[in-house]
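Throughout, numbering of the chain's residues begins at 1 and tracks the sequence. All figures in this text were calculated on a predicted structure; none of them were measured in a lab.
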Amino acid sequence: SVPFNMSSSHRSSVNVNVNSIASSPRPRSSSCPRLLPLSVARSSSRVSPSNESKVDLAVSVLERAISTANSSASRPSVPDVAQAMERLRMDNSSSSVPRELVEGQFELVYSTLLRKLPLVDWGYMPTKETIVWDLDNEEMRLAIETLPFLPTIDVVGNSLTYDEATSTLTYQIRDKPPSTWRVFYANDTLFAADSSKTGLCLVRRI
């Protein structure tokens, strides 16, 4: 190897040059972006889902819950349906539902009243219950199918009205106090309502 010797004058020159570079101010470039600290960059990248997307997700849960093509294993869970209806109830508290979306024949698919039963967390109806909201004749007609070969149980609610401003169905069964269903979401295939007797209910049009 060839030894490398640096004279004192060379060493002094190098030291001066290094010191002058280190002490000179760094140029600022307007084109160079300022880097955020890692923690700030991470927090700013977290974008929570919009309220609209949460509503769309809730509607999707209800659509799958009423689908007759879904088996009991593939349909949304009982808590998921309740949560979806609660989301829509809170979001659409001031929305008006047109009359044509609530009148006609429907099947009761789900009721949160069943979740209050002991030992089981039911929500989907174990029996078939068909409801006719006949606003022209001011009647609510409910047919309950219990067991095969047994006659249906028929219930009639009289003085049926629908207040479109509050999206509320009101009827009376015999001499009992009036019952109400406040509809908080509806489309062409289903509606969801807060019933004074049976909690949050989901029905599908048939």
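- The distance from atom OH of Tyr124 to atom CD1 of Ile66, rounded to the nearest 0.5 Å, is 10.5 Å.
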Give the C-alpha distance, both sets of side-chain angles, the deciding distance and a yes or no for side chain to side chain contact (heavy atoms under 4.5 Å, CB included) between Leu169 and Met140. CA-CA 10 Å; Leu169 292 155; Met140 183 282 301; over 6 Å; no
What's the verdict on side chain to side chain contact (heavy atoms under 4.5 Å, CB included) for Asn187 and Leu101, showing C-alpha distance, side-chain angles and the deciding distance? CA-CA 6 Å; Asn187 60 27; Leu101 292 181; 5.7 Å; no
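- The backbone N or O of Ser111 lies less than 3.5 Å from no partner atom in the side chain of Thr198, so there is not a single donor-acceptor pair.
- Ring pair Trp133/Trp181 is perpendicular by interplanar angle, where above 60° counts as perpendicular and below 30° as parallel.
- Separation of atoms CG (Asp163) and CZ (Arg182) is listed at 11.5 Å; rounding is to 0.5 Å.
- Both Val59 and Val61 are part of a single hydrophobic cluster, where members link through side-chain heavy atoms under 4.5 Å apart.
- Between Pro98 and Glu164 the shortest heavy-atom distance is CA-OE2, 3.7 Å.
- Glu86 contributes no side-chain N or O that, together with a main-chain N or O of Met90, makes up a donor-acceptor pair within less than 3.5 Å.
- In this structure, CG on Leu142 lies 8.0 Å from CG on Asp154, to the nearest 0.5 angstrom.
- In the hydrophobic cluster analysis, where Ile, Leu, Val, Met, Phe, Trp and Tyr join through side-chain heavy atoms closer than 4.5 angstrom, Leu57 is grouped apart from Leu190.
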Stepwise side chain to side chain contact (heavy atoms under 4.5 Å, CB included) test for Glu139 and Leu160: CA-CA 5 Å; Glu139 276 189 352; Leu160 174 66; 5.5 Å; no
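- Using a distance-only test at 3.5 Å, with no hydrogens or angles considered, no donor-acceptor pair links the side chain of Arg141 to the main chain of Thr130.
- Here the closest non-hydrogen pair linking Phe191 and Ala186 is CB-CB, 3.5 Å.
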For Asp80 and Arg87: C-alpha separation, side-chain torsions, deciding distance, then whether salt bridge (charged side-chain N to carboxylate O under 4.0 Å, His left out) applies. CA-CA 11 Å; Asp80 283 348; Arg87 159 63 63 180; over 6 Å; no
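- Neither Val156 nor Leu135 shares a network with the other; the hydrophobic side chains, linked directly or stepwise wherever heavy atoms of I, L, V, M, F, W or Y lie under 4.5 Å apart, form separate groups for each.
- For Val102 against Arg205, the heavy-atom pair with the smallest separation is N-NH2, 4.2 Å.
- Formation of a donor-acceptor pair under 3.5 Å by the Ser167 side chain with backbone atoms of Val97 is found in this model.
- Cluster membership check: Val155 shares its hydrophobic cluster with Val203, using side-chain heavy-atom separations under 4.5 Å among Ile, Leu, Val, Met, Phe, Trp and Tyr.
- Remark: Gln83 CD is loosely packed, at most 12 non-hydrogen atoms of other residues, nucleotides or ligands lying under 6.0 Å away.
- The CE atom of Met125 lies 12.0 Å from the CD atom of Glu145; values are rounded to the nearest 0.5 Å.
- Formation of a donor-acceptor pair under 3.5 Å by the Arg204 side chain with backbone atoms of Ala65 is not found in this model.
- Residues Met85 and Ala192 approach most closely at SD-CB, 4.1 Å, considering heavy atoms.
- Note that the CD atom of Glu138 and the CG atom of Asn158 stand 9.5 Å from one another [nearest 0.5 Å].
- Checked by atom type and distance alone, the side chain of Thr112 pairs as donor or acceptor with a backbone atom of Leu200 at under 3.5 Å.
- Contact detail for Val55 and Leu88: the closest heavy-atom pair is CG1-CD2, 3.7 Å.
- Put simply, the side chain of Asp91 does not reach to within 4.5 Å of the side chain of Phe184, judged on heavy atoms.
- The closest donor-acceptor contact from the side chain of Ser196 to the backbone of Ser179 lies at 3.5 Å or more, if one exists at all.
- When atom types are taken as modelled, the side chain of Tyr110 and the backbone of Val78 share a donor-acceptor pair closer than 3.5 angstrom.
- The distance from atom SG of Cys201 to atom CD1 of Ile131, rounded to the nearest 0.5 Å, is 7.0 Å.
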With side chain to side chain contact (heavy atoms under 4.5 Å, CB included) as the test, would you mind laying out the steps for Thr168 and Tyr162 before giving the verdict? CA-CA 6 Å; Thr168 302; Tyr162 181 63; 5.7 Å; no
